[in-house]
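Written out below as structure tokens is the structure these notes cover.
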There are 2 protein chains.
Amino acid sequence: MEFTEAKQKFIQSWGALGSQWGINKTMAQIHAFLMISPESVSMEEIMDELKISRGNASMNLRALIDWGIVYKDYKQGERREFFYSEKDLDELAVKIAKERTKREIKPALKILKEVSAISAEKTQKEIHFKEQTCKLYKFVSKADNALEKITEYNDNWLGKLLKKLFR
Amino acid sequence: MEFTEAKQKFIQSWGALGSQWGINKTMAQIHAFLMISPESVSMEEIMDELKISRGNASMNLRALIDWGIVYKDYKQGERREFFYSEKDLDELAVKIAKERTKREIKPALKILKEVSAISAEKTQKEIHFKEQTCKLYKFVSKADNALEKITEYNDNWLGKLLKKLFR
DNA sequence: TTGAATTTTCAAAAATAATTGAAAGTTTAA
DNA sequence: TTAAACTTTCAATTATTTTTGAAAATTCAA
């Protein structure tokens, strides 16, 4: 395979993968493009490369910045903004994990805490509901703790995790 | 909060959560409903509870069965099929992890292996592309291994993981 | 200040995904 | 067999999400 083809394939596949993960395709593609760009790139260049509109580029770049995985770069004597991505994969994964925790796990815990608090006196259905939601609450809390602990390692967390797992 | 309200809230929230995860809302809601049902339930009952069509119920139940987290139950003297969910959370998480690995991580690894194999001789761009995709390949492989190791524990993997993390 | 360069916003359009419902298919009791 | 009970399929519809593009906003050099 030759460079241009490989680049296309990488960007397209990353976009498709993103969709499966509930991340919009363009956002994932922009991220993929920035990941393989050695220099920071202008919005214009992103629009050209991915054949997307200015509005689309602007909105998805902002989303990536909100996630904390893309940064703005101001170049000497250039009015335009340039963008570059977090390239350290440990750091990238930690940021994504933290953001997803904030957006998904914490709200889920809140709901589970609320609904599992009902007083289940009467029916089998009520008792089972309380049981299951309590279990879920405990399970998700544990998972949340585990994630927090892992991302605390910060430097080379995946390597450290593997070591722990294999001994 | 009272039972019916809590039940609604749980099912609705689980559905919304599912959407964020690239899982269709109805599929997540059916799963939520089955999780809190002490007995296996008929398609009819699911349609009633969630106010969805027969086709929708049928298709999403099949998807849940394909994921290996919902089972069919054949009751003595009943022609209809009944459904129940995997209620053991360790088991549930392992099945989801394995399925997502198969559907997402493995294909990603395949792509990364392919595109990182280009011979990057000339430009800075090519060299950086190869570097980044190789790093990604290694990283995702490691993560895949870690997941596999963890899910191998099978019984109480989350508890075991936490112990390892905290010592 | 002004105005050209650049980015952001957002209503409308386009694309994608989910849902319905009725017809076709399957199963089983009689 | 038959036919009633039940499930699946899928084309058409509906809902949701994404994308566009032009107007509004912002920034900054002159």
Side-chain angles (χ1 to χ4, degrees), chain A residues 11-34 40-67 70-85 103-104, chain B residues 11-34 39-67 70-84 103-104:
Chain A
I11 292 174
Q12 293 306 318
S13 310
W14 219 240
L17 248 245
S19 305
Q20 286 192 286
W21 272 77
I23 287 151
N24 130 344
K25 190 185 68 176
T26 303
M27 186 170 153
Q29 287 181 341
I30 293 176
H31 183 246
F33 180 48
L34 293 179
S40 55
V41 297
S42 67
M43 202 151 87
E44 207 71 24
E45 197 174 335
I46 293 170
M47 290 161 57
D48 276 8
E49 178 72 31
L50 306 181
K51 307 277 182 266
I52 58 174
S53 71
R54 187 172 298 285
N56 199 1
S58 171
M59 292 199 303
N60 285 113
L61 276 166
R62 178 165 47 186
L64 286 164
I65 289 169
D66 287 348
W67 272 76
V70 162
Y71 312 98
K72 280 190 187 179
D73 195 6
Y74 297 98
K75 283 196 188 173
Q76 180 66 249
E78 274 276 14
R79 180 178 290 187
R80 296 177 298 167
E81 298 170 322
F82 291 76
F83 303 87
Y84 63 99
S85 72
R103 294 182 192 213
E104 293 154 25
Chain B
I11 293 175
Q12 293 305 318
S13 310
W14 218 242
L17 248 243
S19 304
Q20 287 191 287
W21 273 78
I23 286 152
N24 132 342
K25 189 186 68 177
T26 303
M27 187 170 152
Q29 287 182 341
I30 294 177
H31 182 246
F33 180 48
L34 293 179
E39 306 285 346
S40 55
V41 297
S42 67
M43 202 151 86
E44 209 70 23
E45 196 174 334
I46 293 170
M47 289 162 56
D48 276 7
E49 178 72 32
L50 306 181
K51 307 276 181 267
I52 58 173
S53 71
R54 188 172 298 284
N56 198 1
S58 171
M59 292 199 304
N60 283 302
L61 276 167
R62 179 165 44 188
L64 286 164
I65 290 168
D66 287 347
W67 273 74
V70 163
Y71 312 99
K72 280 190 187 179
D73 195 6
Y74 296 98
K75 284 197 188 173
Q76 180 66 247
E78 275 277 13
R79 182 178 287 188
R80 296 177 297 169
E81 297 169 325
F82 291 76
F83 303 88
Y84 63 100
R103 294 182 192 213
E104 293 154 26

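So you know, we letter chains A, B, ... as the sequences are listed, proteins then strands, and number each from 1.
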Between I65(B) and V70(B) the two heavy atoms that sit nearest each other are CG1-O, 3.4 Å
Using a 4.5 Å cut-off on heavy atoms from C-beta on, say whether the side chain of M27(B) contacts that of W67(B). yes
R54(B) and E44(B): CA distance, side-chain angles, deciding distance, salt bridge (Lys or Arg N to Asp or Glu O under 4.0 Å) verdict: CA-CA 8 Å; R54(B) 188 172 298 284; E44(B) 209 70 23; 3.0 Å; yes
Among dA4(C), dT8(C), dA29(C), the one nearest M43(A) by side-chain distance: dT8(C)
By side chain to side chain donor-acceptor pair (under 3.5 Å), which residues pair with Q12(A), not counting sequence neighbours? Q29(A)
With sugar-phosphate meaning primed atoms plus P, OP1 and OP2, does E81(A) contact a base, only sugar-phosphate, or nothing at under 4.0 Å between heavy atoms? sugar-phosphate
In this structure, how many angstroms lie between the P atom of dT28(C) and the CZ atom of R79(B), rounded? 7 Å
For DNA chain C, the residues among residues 47-60 of chain A that have a non-hydrogen atom under 4.0 Å from it: R54(A), G55(A), S58(A), M59(A)
Please give me every residue in residues 14-33 of chain B whose heavy atoms get under 4.0 Å of an atom in DNA chain D, ordered by residue number. none
Can you give the donor-acceptor pairs under 3.5 Å from side chains of residues 14-23 of chain B to other protein atoms, not counting sequence neighbours?
from	atom 1	to	atom 2	distance (Å)
S19(B)	OG	G15(B)	O	3.2
W21(B)	NE1	E104(A)	OE1	2.8

If the condition is side-chain contact (heavy atoms from CB on, under 4.5 Å), which residues does S53(B) pass it with, not counting sequence neighbours? N56(B)
Please indicate whether R62(A) has more than 12 foreign heavy atoms, meaning atoms of other residues, nucleotides or ligands, lying under 6.0 Å from its CZ. no
Check step by step if side-chain contact (heavy atoms from CB on, under 4.5 Å) holds for D73(B) and E81(B). CA-CA 6 Å; D73(B) 195 6; E81(B) 297 169 325; over 6 Å; no
Exercise: identify the closest heavy-atom pair between Y84(B) and L34(B): C-CD1, 4.4 Å
For chain B, the stretch of DNA chain D it reaches, first to last nucleotide, under 4.0 Å of its heavy atoms: dA4(D) to dC10(D)
Spacing of R80(B) atom CZ relative to dA29(C) atom P, expressed in whole Å: 15 Å
Evaluate the side-chain proximity of S42(B) to F82(B): yes if any heavy-atom separation is below 4.5 Å, no if none is. yes
